[in-house]
Structure formats: structure tokens, C-alpha cells
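This report refers to the structure that appears directly beneath it.
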Amino acid sequence: MKQMIKVGAGIIGILVGLALIMPAVAQARHEESMANDEVGLLMFGIALAIVGAGVIFCPFKKRNA
């Protein structure tokens with residue numbers, strides 16, 4: 001049960017991180033520049049997506065078979 005909650009939180013973290021990354025990348029592609037607040041959201045989104053992926057895939061690494 002505890003592992004399922006962690007996996008669910010990791011999936012939500014990845015999705016929220018990607019939701020923060022996509023608008024910043026779209027603005028950079030469209031305008032060829034970014035505002036200061038978009039850079040912060042981009043970095044926060046990248047960090048959130050990486051942490052979410054780590055939460056999801058960490059139990060598979062520690063598993064002894």
C-alpha cells in the first residue's frame with residue numbers, strides 16, 4: 001500500500017513537472033527568448049519531473065531478486 005502511494009505521488013510529480021516545462025519551452029520556441037519567471041518555472045518543472053521519476057523507479061532498483 002505504501003509503495004502504491006509513492007508510485008502515485010511520483011506519477012503526479014512527473015505530470016505536474018511536465019505541465020510546468022511545456023509552456024516555458026513553447027514560449028522559448030515561439031519568441032526565441034524567455035522571461036525571468038519562465039526560467040524559474042522551467043527549472044522547477046525539470047527538478048520536479050526528475051524527483052518524480054526517481055520516486056517511481058527507486059523501488060525497482062533496490063529490489064533483491
Discussion item. Any heavy-atom pair between the side chains of L20 and L42 that's under 4.5 Å?
Written reply: no

(request) Consider only side-chain heavy atoms of I, L, V, M, F, W and Y, link residues closer than 4.5 Å, and tell whether I50 and L18 are in one cluster. (result) yes

Side-chain heavy atoms nearer than 4.5 Å, only ILVMFWY residues, links allowed to pass through others: does that put I12 and V55 together? no

d(L48 CG, L41 CG) to nearest 0.5 Å is 11.5 Å

So side-chain hydrogen bond (donor to acceptor under 3.5 Å, both in side chains) across residues 16-27, not counting sequence neighbours, yields Q27-E31

If you group Ile, Leu, Val, Met, Phe, Trp and Tyr by side-chain heavy-atom gaps below 4.5 Å, do F57 and I46 land in one group? yes

Residue set satisfying side-chain contact (heavy atoms from CB on, under 4.5 Å) with I11, at least two apart, ordered chain then number -> V7, L15, I56

